[in-house]
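Here's the structure, in structure tokens; my notes come after.
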Amino acid sequence: MASEFGGRCFLRFDDTNPATESPEYVEAIVDDVRWLGFEPDEIRFASDYFDQLYAWAEHLIERGLAYVDDQDADAISAGRGGFGQPGVESPCRDRASEENLRLFREMAAGQHPEGSRVLRARIDMQHENMQMRDPVMYRIRHKHHYRSGDRWCIYPTYDWAHGQSDAIEGVTHSLCTLEFRDNRTLYDWYLEHLPLAELGHAGDRPHQTEFARLELTHTVTSKRVLRRLVEDSHVDGWDDPRLPTLRALRRRGYPPSAIRDFCGFIGVARTNSRHAPELLESFVRTELNAAAPRRMAVLRPLKLVITNWPTDDDGEPLVEYREAVNNPEDPSAGTRQVPFSGTLWIEQDDFRLEAPPKYFRLTPGREVRLRAGYFVRCTDAVTDADGNVTEVHCTYDPETSGGQAPDGRKVKATIHWVSADHAVPIEAALYERLFHTELPGERTGDPLDDLHPNSRELCAGVAEPAIGDITPGHVVQFERLGYFCADSAVASSADSGSSEAPLFHRTVGLRDEWANIQKRQRHSGGSVRPGDQGGSR
RNA sequence: UCGGGGAUCGUUCAAUUGGUAGGACAUCGGGUUUUGGUCCCGGCAAUGGAGGUUCGAGUCCUCCUCCCCGAACCA
């Protein structure tokens, strides 16, 4: 927004609570923001302003607008009243300002125990907005702060720090999420009662604007719940590709530009809404379709033998190098050589002993095209004792080397493959939504009750040799399977068993028409709706 | 219970001062295609409800309904 209007953008950490701040979080957030593509003009901390905040607190005390309250947290809470019930004033509320000043200085000097007193703004205990019922400005915390060290033992609350920090920085537009709407009244009250002119900033004081947070279905964004997922090992860490955190999306291969496009497209609104992840995924696909190099990989291998494949003088099957385009969307990406021979791995999904309706792939008697290879016709299949297909036999047509038949006959499917003798083992992680419901926790109150039991499936697969070109952190399209990101973690946190195979995270699948057809076939599944038959109305 | 926000296709974001409700995702149909991908064409589909003002209301007024936030020494 700052760049759109030629302004400057500050990234500020409101580190007002020494108990919940740590440098690790700061570094992680700054790192995530940079990766997303934003360079803050300045990084600031509310703790930079503790001195000014303290001086302003005395300013309010001197004017009878703040007082030290000796009540404990429970008493203050009880005195605040409730929705529709007015609060009651604290017995300390009319203390003389000299005494308030003395007490406040003693608090700052460490002469009072933690929790014994607070400084409150003196506003209105009858106010219909709870934020205005004498909010707490300072609390005593005898704790070390990761930035201000042991200099302070009283710490400002968020409300007392936020607007003032904005004012000190000369911020004009202070953006925050919807739940702070009620706090805005207090934000304005503080700023109106402080000598901001002394700051020397030109123009108006800061103003707060609220907008709806970005929510997605089938996941959680609550820090509390995310932490539970991580700490209770439901996921592998903050960068587990199933999480919606920026570092997770990064590890999964989401291009930052796709995330930015998505955010720009949905815009900024005040409506509480929850976007379907499909929309984000469509931006990811658009980006990756243009940029990702193509390779062939087989995730659930099934052996295919070409029975009429020629052998060389030693009786060994011939090896042929086929030229394959690296990206049909980008001719400049060039081509590569892919080894082809008489024994190949194909996808189990690409063969059926008995083909269901609309199934275009391999089945006995049918001819399909091997991508960048030849037409092959299935002659028969070998099954084991349980009836599982273990091997598929085909014959190839040497005339179809160009991918077309000279006699003009067509095939309805093109399938991918990997030469068995040249296959390099890989491991692929396929992800489902982390939660199987749109709004996790809606039924039981606990989001974890809606965890998808199999949100990750690991496949031991094979890929063509040129997979070696794909370095960690980069995304490749496995043809017909989706986009996959080479894992960038030093040691894979996924339990990959004994395999040393490189790990690929499926960023997102390709649009899958066949999956839709199957879904429809399942839903119609022989049952006919009553109205469809009778023709009566 | 009181205060504050909000409500438009299945989902989501639009719609000058009141003037034909539009796009994207999803979905369905068709075309192209050596990825059932991409691309192209087309279809379906909405103003929460009831009144009122007006030639004309998603936009203005009244009442109602539903959803979200708010009673931390959290942010």
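Heavy-atom basis, side chains included; hydrogens, waters and symmetry copies ignored. Lettering follows sequence order; numbering is per chain, from 1.
- Taking the side-chain hydrogen bond (donor to acceptor under 3.5 Å, both in side chains) definition, one finds that D32(A) meets it with R247(A), sequence neighbours left out.
- A heavy-atom distance below 4.0 Å to RNA chain B is reached by none of the residues of residues 210-225 of chain A.
- Note: L65(A) CG to I123(A) CD1 = 8.5 Å, rounded to the nearest 0.5 Å.
- On the C1' atoms, G52(B) is 33 Å away from U11(B), given to the nearest whole Å.
- The separation of A50(B) from A57(B), taken at their C1' atoms, amounts to 15 Å, rounded to a whole angstrom.
- Classification of the Y190(A)-W160(A) ring pair by plane angle, with boundaries at 30° and 60°, yields perpendicular.
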Extract from the structure each pairing of a protein N or O with an N or O of nucleotides 57-60 of chain B at less than 3.5 Å, listing the distance.
none

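- In this structure, R95(A) does not pair ionically with E89(A), as no charged nitrogen and carboxylate oxygen lie closer than 4.0 Å.
- Base engagement by F180(A) is indicated by at least one non-hydrogen atom pair under 4.0 Å involving a base atom.
- For R520(A), counting side-chain heavy atoms from C-beta on, the closest listed nucleotide (U35(B), C28(B), A75(B)) is C28(B).
- In this structure D166(A) satisfies the side-chain hydrogen bond (donor to acceptor under 3.5 Å, both in side chains) test together with R12(A), S174(A), Y187(A), sequence neighbours excluded.
- K358(A) comes within 4.0 angstrom of a base, heavy atoms only.
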Please produce a list of atom pairs where a protein N or O lies less than 3.5 Å from an N or O of nucleotides 37-42 of chain B.
| unit_1 | atom_1 | unit_2 | atom_2 | d |
| --- | --- | --- | --- | --- |
| G37(B) | N2 | E329(A) | OE2 | 2.7 |
| U38(B) | OP2 | R511(A) | NH1 | 3.1 |
| U38(B) | O2' | N289(A) | ND2 | 3.1 |
| U38(B) | O2' | E329(A) | OE1 | 3.2 |
| U38(B) | O2' | E329(A) | OE2 | 3.3 |

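- Under the salt bridge (charged side-chain N to carboxylate O under 4.0 Å, His left out) criterion, E27(A) pairs with no residue, sequence neighbours left out.
- Rounded to the nearest Å, the gap between the P atom of U27(B) and that of A21(B) is 28 Å.
- Stacking here means ring centres nearer than 5.5 Å and ring planes tilted less than 30 degrees, and by that measure Y158(A) does not stack onto A75(B).
- Rounded to whole Å, the C1' atom of A75(B) lies 14 Å from the corresponding atom of G70(B).
- A salt bridge is defined here as a Lys NZ or Arg NE, NH1 or NH2 lying under 4.0 Å from an Asp or Glu carboxylate O, and E513(A) with R520(A) meets this definition.
- Within 4.0 Å (heavy atoms only), R141(A) reaches at least one base atom of the nucleic acid.
- Taken together, the paired segments of RNA chain B that extend over three or more consecutive Watson-Crick or G-U pairs, each closer than 3.5 Å at both contacts, are B:2-7 with B:65-70, B:10-13 with B:22-25, B:27-31 with B:39-43, B:48-52 with B:60-64.
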Any protein N or O atoms within reach of nucleotides 1-4 of chain B? Criterion: under 3.5 Å, listing atom names and distances.
| unit_1 | atom_1 | unit_2 | atom_2 | d |
| --- | --- | --- | --- | --- |
| U1(B) | O2 | F83(A) | O | 2.7 |
| G3(B) | N2 | D182(A) | OD2 | 2.9 |

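- One P atom belongs to C41(B), the other to C9(B), and the distance between them is 26 Å to the nearest Å.
- Note on I415(A): nothing from the nucleic acid sits closer than 4.0 angstrom, heavy atoms only.
- Distance check on atom P: C55(B) versus A46(B) gives 29 Å, rounded to whole Å.
- Residues forming a ring pair (Phe, Tyr, Trp, His ring centres under 6.0 Å) with W345(A) (at least two apart in sequence, or on another chain): none.
- Minimum atom distance to the side chain of V136(A) is reached by C73(B), of the listed C73(B), G36(B), U35(B).
- Here the nucleotide nearest the side chain of A269(A), chosen from U34(B), C13(B), C73(B), is C13(B).
- Near-neighbour residues of RNA chain B inside residues 332-341 of chain A, defined by a heavy atom below 4.0 Å, are absent.
- With A7(B), C73(B), A75(B) as the candidates, the nucleotide lying closest to the side chain of T271(A) is A7(B).
- Residue side chain R117(A) does not reach the base of C73(B) through any donor-acceptor N/O pair under 3.5 Å, judged by distance alone.
- Counted within 6.0 Å of CD on E354(A), heavy atoms from surrounding residues, nucleotides or ligands total 12 or fewer; the atom is thus considered open.
- Checked against side chain to side chain contact (heavy atoms under 4.5 Å, CB included), E432(A) has the following partners two or more places apart in sequence or in another chain: H452(A).
- With sequence neighbours excluded, no residue satisfies side-chain hydrogen bond (donor to acceptor under 3.5 Å, both in side chains) with E21(A).
- Side-chain contact between P255(A) and L288(A) is present, with at least one heavy-atom pair separated by less than 4.5 Å.
- With its glycosidic angle more than 90° from 0, A50(B) is assigned anti.
- For R139(A), the side-chain atoms get nearest to C73(B) when compared with the rest of G36(B), C73(B), A71(B).
- Between C69(B) and A26(B), the two P atoms lie 30 Å apart (nearest whole Å).
- Of the C1' atoms belonging to U34(B) and C13(B), the separation is 38 Å, rounded to the nearest Å.
- Just one of R300(A), H416(A), R480(A) meets the side chain to side chain donor-acceptor pair (under 3.5 Å) condition when paired with E347(A); it is H416(A).
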Determine, step by step, whether F83(A) and M130(A) satisfy the side-chain contact (heavy atoms from CB on, under 4.5 Å) criterion, reporting the C-alpha distance in whole Å, the side-chain angles of both residues, the deciding distance to 0.1 Å, and the verdict. CA-CA 8 Å; F83(A) 302 142; M130(A) 301 300 265; 4.1 Å; yes
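- Electrostatic pairing of R433(A) and E281(A) counts as a salt bridge here, judged by a charged N lying under 4.0 Å from a carboxylate O.
- In this structure, H145(A) and F50(A) have perpendicular ring planes: the angle between them is above 60°, well past the 30° mark.
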Taking it one step at a time, do W417(A) and Y374(A) satisfy ring-ring contact (aromatic ring centres under 6.0 Å, His included)? CA-CA 11 Å; W417(A) 49 272; Y374(A) 298 87; 9.4 Å; no
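- If you check every strand for non-hydrogen atoms under 4.0 Å, N516(A) touches sugar and phosphate atoms only.
- Side-chain N/O atoms of T16(A) include one lying less than 4.0 angstrom from OP1 or OP2 on A75(B).
- The residue E438(A) sits apart from the nucleic acid: no heavy atom pair falls under 4.0 Å.
- Here the side chains of L362(A) and C394(A) are in contact, with some heavy-atom distance below 4.5 Å.
- The shortest distance between side-chain heavy atoms of R294(A) and N326(A) does not fall below 4.5 Å.
- Within 4.0 Å (heavy atoms only), I76(A) reaches at least one base atom of the nucleic acid.
- By the 4.5 Å heavy-atom criterion applied to side chains, Y155(A) and N17(A) are not counted as neighbours.
- Both tests pass for R147(A) against the ring of F45(A): distance under 6.0 Å to the centre and angle within 45° of the axis.
- OP1 or OP2 of C73(B) sits under 4.0 Å from a side-chain N or O of R80(A).
- Residue R270(A) is in sugar-phosphate contact alone, with no base atom involved, counting any heavy-atom pair closer than 4.0 Å across all strands shown.
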